[in-house]
Protein chains: 2
Amino acid sequence: MTARPIASANAIATIAALIGDPARANILSALMGGQALTAGELCWHAGVGAPTTSGHLAKLTEAGLLAVERQGRHRYYRLASPVIAQAMESLMAVATAGPPRHRPPGPKDEALRAARTCYDHLAGRLGTALADRLSDLRLVIIGDGGALVTDDGRDFLAGLGLTFPEAGGNHRPLCRTCLDWSERRPHLAGQLGAALLTCSLERSWIARMPGSRAVTITDAGSKGFAMVFGITPEHLAPK
Amino acid sequence: MTARPIASANAIATIAALIGDPARANILSALMGGQALTAGELCWHAGVGAPTTSGHLAKLTEAGLLAVERQGRHRYYRLASPVIAQAMESLMAVATAGPPRHRPPGPKDEALRAARTCYDHLAGRLGTALADRLSDLRLVIIGDGGALVTDDGRDFLAGLGLTFPEAGGNHRPLCRTCLDWSERRPHLAGQLGAALLTCSLERSWIARMPGSRAVTITDAGSKGFAMVFGITPEHLAPK
DNA sequence: GGAACGCTTCGGCCATGGACGAAGCGTCGG
DNA sequence: CCGACGCTTCGTCCATGGCCGAAGCGTTCC
């Protein structure tokens, strides 16, 4: 007379178990940057040998968490869908929200806290500062758990060369918020968030740090973010 | 020369591994209903023996996923925080979004699809219908990934006897959206979502089905939802 | 006070699955 | 065409951890 539980619980368990292995979590974490990586690079990130990594990648791909693309003798793996990144962030939120455990800051973490990519958009102090400024300027309205782009906001973004399809329909949300795990406040995701990241990279306002999700703000970036969004160094200072 | 990965990946793995066990996933799923359950009830949901369940509960509590409260000779367990439920929903979204796997509907699933609780708010066709109607009536504005309550909405809710603190600050979001895994469209969560569920239960518009997250709509509920929100039987019909 | 109950702890069994070395494919470079 | 390279498959080892029965502790009921 044992249980007959809700069927979907097993589906959750399957996915969670997949993420629950340290090597696989490292792989997924590395891919949260949004760029596709080769099996070799992921092997390095995973911290295990090549055969083991290959097995993990096969499982993740089989489960639909990763997508793979062959290119020459390399195989490029990437997250199969943004919802995967979202789930990872949710788990990260649980991990940091838990009991007041010691969370070692570390030097590399400081870089991550300052500015990093979160799948395909900006996070960290830079990400939250952008969200704050856009909100202050009434270009987006950040509500509880979500965000809307105002007409002013559309005009402003068009001025930056960023245009978007109309809201609604089945395509990707124009703008949504994403809880920043280091700042504990929202930053902007969705099409808008992705466009801001792309735009910042194209203008060389930020540069990716190799082997990390962290990004550095260039001199041009300091000027650019200040000029366009009014972001001051104080916004980006730790604490 | 093995890896030096991002520290937080291990934190994710720990949490995910915890959720990744079928018995524990069942326990967490059962608690998604928002009410606290005794170890014995959870034992039934978990589908394993009492000693095993006790071990799982200890692990989950130790990790900060569950909170426990002793009451007489019973111990009531509940999710330690809403972010846990959010993470579970994210994982569910990944599970259903994945490859077009067969997902067996089943009779009990139909009840879940019709109306169920999602942690502390309503989901399923009833949940999405409520969200739709509130949106149609311009009481809330459902944007991409988020929701805002309008002034009209506040007045309307006040008329139902529901009042909320001002937005902003550190307290819980007034209203946010939550992706409905069965309808693939948003329903309303946050304080507003919780209040709607409580209100519906108090008025006996809905009744919990024992041992399940599903709820049934009472006769009074059919009238009430139609009268107050304009929800018709068509809104609640399958497909 | 004693028995029933709810839950946890202890001890031991066993399967799952993650790890690596060696070998097997495909691709690129000279 | 051969060797180096990138990645995967195969086979094997081994530890982690889930599971249960028995026993222990605290609470409630009669």
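Labels below follow one simple rule: chain letters A, B, ... track the order of the sequence lines, proteins then strands, and each chain is numbered from 1.
If you measure from atom CZ of A/R70 to atom P of C/dG26, you get 9 Å, rounded to the nearest angstrom. Computed from coordinates, the A/E41 CD to D/dC5 P distance equals 17 Å when rounded to whole Å. Note: CG (A/L57) to C1' (D/dG6) measures 13 Å, nearest angstrom. The nearest whole Å value for the distance from the CG atom in A/L60 to the C1' atom in D/dT8 is 15 Å. Across the protein-nucleic acid pair, A/E69 atom CD and D/dC7 atom C1' stand 16 Å apart, rounded to whole Å. Per the geometry, CD belonging to B/Q71 stands 14 Å off P belonging to D/dT27, to the nearest Å. Straight-line distance from the CD1 atom of B/I27 to the P atom of D/dG18: 11 Å, rounded to whole Å. One can place CZ of B/R75 at 7 Å from P of C/dT9, the figure rounded to the nearest angstrom.
If you check C/dG18, C/dT8, D/dC19 against the side chain of B/D21, the one that comes closest is D/dC19. Checking D/dG26, D/dC20, D/dG6 against every side-chain atom of A/R73, the shortest atom distance belongs to D/dG6.
Listed here is the closest heavy atom pair of B/S29 and B/M88: N-CE, 3.9 Å. In terms of heavy atoms, B/V48 sits closest to B/C43 at O-SG, 3.3 Å.
Between the side chain of A/T38 and the backbone N or O of A/Y76 there is no donor-acceptor pair closer than 3.5 Å. In this structure, the side chain of B/R75 does not engage the main chain of B/A39 through any donor-acceptor pair within 3.5 Å.
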Test log, rule side-chain contact (heavy atoms from CB on, under 4.5 Å), inputs A/I15 and B/I19 | CA-CA 9 Å; A/I15 303 295; B/I19 306 178; over 6 Å; no
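Comparing B/H74 and A/A17 by the nucleotide of DNA chain C whose heavy atom lies nearest to each, the residue mapping closer to the 5' end is B/H74. Two residues, A/A50 and B/A58, neighbour DNA chain C, and the one matched to the more 5' nucleotide by heavy-atom proximity is B/A58. DNA chain D is contacted by both B/A23 and A/S54; A/S54 maps to the nucleotide lying nearer its 5′ end (nearest heavy atom per residue).
Among the protein residues, B/T38 comes within range of the sugar-phosphate backbone only, with heavy atoms under 4.0 Å from sugar or phosphate atoms but none that close to a base. At the heavy-atom level, B/Y77 lies under 4.0 Å from the strands shown only through sugar-phosphate atoms.
For C/dG18, the OP1/OP2 oxygens have a side-chain nitrogen or oxygen of A/K59 closer than 4.0 Å.
Five base pairs at each end of the helix from C/dG1-D/dC30 to C/dG30-D/dC1 define two local axes, and these are offset by 30° (rounded to 10°).
Distance check, rounded to the nearest 0.5 Å: CG of A/L66 to NE2 of A/H56 gives 12.0 Å.
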